[in-house]
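Please read the structure below before turning to the comments.
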Amino acid sequence: MGRYAYTPEQNAWLAERFPTTPNRQLAEEFEERFGEPVTATAMGSWGGNRHLRKEPWVRGAANRKYTDEQLDFLREAIPGRSLSQVNDLYEARFGTRLTRAALCNLRSKLGVYCGVNAGRFRKGQEPPNKGRTWDEMGISAESQERMRRTQFRPGQLPHNTRPLLDVRRSRSGGMEIHVGLNRREKANDQWIPLAQFNWMAANGRDWPDGCKAIHIDRDPLNDDADNIEPVPAGLWPLVIGAVPGQLEWHDRETLRAAVLYARVTRARVDAARRGRIAAGKPRKGDIRPEDGDAD
């Protein structure tokens, strides 16, 4: 049946019959009672939209495999124990063992959680094999030989490690250079823009904080130090023309003049904004008293 608006009588009948009747049987009884054909899926959707649940003993119910006694036992056993411990207690009580997935699903449905850091190392915790040799742990000679073949040697790097000073194309279209084999301060900081690297090498100092590189000849692939000028990130959109009012520049001197002009423009805009705020003048988007209550 397609989209259907149930009458108040039908809704009342379904609310009474839904918890204790399988959906397939409910659809048959509905058609016999009201003369309208419906599907079992439609009956399930009707109950789900109203947050109704089947009784545990109803055939076809989601939790038909578990009795009230088992569910109450899990509610008490799960808090403060790992999943393996709960499974051991469940097996000792009911003679059957649950899968890990089933136990996780039951834990979510019942709304109870372990509250333990199971399966993870805690701060200060030492692994049980610390200081023990392979012989002390009972590993056979054949297994030790196989393990040695796959071990990393001192100084060995993964096979996909890029060499130092290797160059690649970045996602933004520029070039990057590999400056570290391992993570230094944050993730993915082994690569820096080639323009910054060349500028630092030519000037003998670190790249200025909060600055972005501008290519003087507007060629993003020309990363020569003579073609790079650091510009504060806040002024960068004004200088490159990302916002209206693009400034013209053709060499380093005119570029520095454009940066100075952008700095003055930004300072003038900020001063005007502070003046409007101090005078209490509404800005675009502000709610004025005559517009009504702001709450």
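Keep in mind that this is a model prediction, so the values were computed, not measured. Just so it is clear, the values below take in all heavy atoms, side chains as well, and ignore hydrogens, waters and symmetry mates.
- Note that CE of Met200 and CD1 of Ile228 are 11.5 Å apart. Values are rounded to the nearest 0.5 Å.
- Ile214 and Leu260 are not part of a single hydrophobic cluster, where members link through side-chain heavy atoms under 4.5 Å apart.
- Thr254 and Asp251 share a side-chain donor-acceptor pair at under 3.5 Å.
- Note that the CH2 atom of Trp199 and the CG atom of Asp206 stand 9.0 Å from one another [nearest 0.5 Å].
- Other residues, nucleotides and ligands place no more than 12 heavy atoms under 6.0 Å from the CD atom of Glu32.
- Note: Tyr6 and Phe30 have perpendicular aromatic rings, judged against thresholds of 30 and 60 degrees for the angle between ring planes.
- The distance from atom CH2 of Trp236 to atom NZ of Lys212, rounded to the nearest 0.5 Å, is 4.0 Å.
- When all heavy atoms of Leu83 and Arg107 are compared, the closest pair comes out as CD2-NH1, 3.8 Å.
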Trace of the side-chain contact (heavy atoms from CB on, under 4.5 Å) decision for Met43 with Leu14 = CA-CA 9 Å; Met43 295 291 93; Leu14 287 172; 3.7 Å; yes
List the steps and the verdict of side-chain contact (heavy atoms from CB on, under 4.5 Å) for Glu9 and Arg33.
-> CA-CA 11 Å; Glu9 178 186 1; Arg33 172 72 180 270; 3.8 Å; yes
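- When every heavy atom of His250 is checked against every heavy atom of Ile216, the shortest pair comes out as O-CG2, 4.2 Å.
- Cluster annotation: Val264 is not connected to Leu235 through the hydrophobic network of ILVMFWY side chains, with a link wherever side-chain heavy atoms come within less than 4.5 Å.
- Crowding of Gln151 atom CD: a count of heavy atoms from other residues, nucleotides or ligands under 6.0 Å exceeding 12.
- Within a 6.0 Å radius of CZ in Arg24, no more than 12 heavy atoms belonging to other residues, nucleotides or ligands are found.
- The environment of CZ in Arg153 is crowded: more than 12 heavy-atom neighbours from other residues, nucleotides or ligands sit within 6.0 Å.
- Under the 4.5 Å side-chain criterion, counting only non-hydrogen atoms from C-beta, Arg168 is in contact with Trp191.
- Considering all non-hydrogen atoms of both residues, Pro237 and Gly234 come closest at CD-O, 3.8 Å.
- In this model, no donor atom of one side chain and acceptor atom of the other lie less than 3.5 Å apart for Asp223 and Asn198.
- Of all the heavy atoms in Leu98 and Leu106, the pair that sits closest is CD1-CD1, 4.0 Å.
- A distance of 7.5 Å separates CE in Met147 from OG1 in Thr150, rounded to the nearest 0.5 Å.
- Distance check, rounded to the nearest 0.5 Å: CD of Glu176 to CZ of Arg162 gives 10.0 Å.
- Taking the six-membered ring for Trp and thresholds of 30 and 60 degrees, Phe73 and Tyr90 have ring planes inclined between 30 and 60 degrees apart.
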Test side-chain contact (heavy atoms from CB on, under 4.5 Å) applied to Leu255 and His215, step by step | CA-CA 10 Å; Leu255 174 58; His215 296 76; over 6 Å; no
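- Nearest heavy-atom pair, Ala15 versus Trp46, reported as atom, atom and distance to 0.1 Å: N-CH2, 3.3 Å.
- Judged purely by distance below 3.5 Å, without hydrogens or angles, the side chains of Thr39 and Thr41 never pair a donor atom with an acceptor atom.
- One finds the CZ atom of Arg17 at 7.0 Å from the CG atom of Leu26 (value rounded to the nearest 0.5 Å).
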Run the side-chain contact (heavy atoms from CB on, under 4.5 Å) check on Leu71 and Leu110 step by step: do they pass?
-> CA-CA 8 Å; Leu71 297 177; Leu110 297 175; 4.2 Å; yes
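- In this structure, Glu91 and Arg97 approach most closely via the heavy-atom pair OE1-NH1, 2.8 Å.
- More than 12 heavy atoms of other residues, nucleotides or ligands lie within 6.0 Å of CG in Asn49, so this atom counts as buried by the packing criterion.
- Tyr261 and Val269 fall into different hydrophobic clusters, where Ile, Leu, Val, Met, Phe, Trp and Tyr are joined by side-chain heavy atoms under 4.5 Å apart, directly or via other members.
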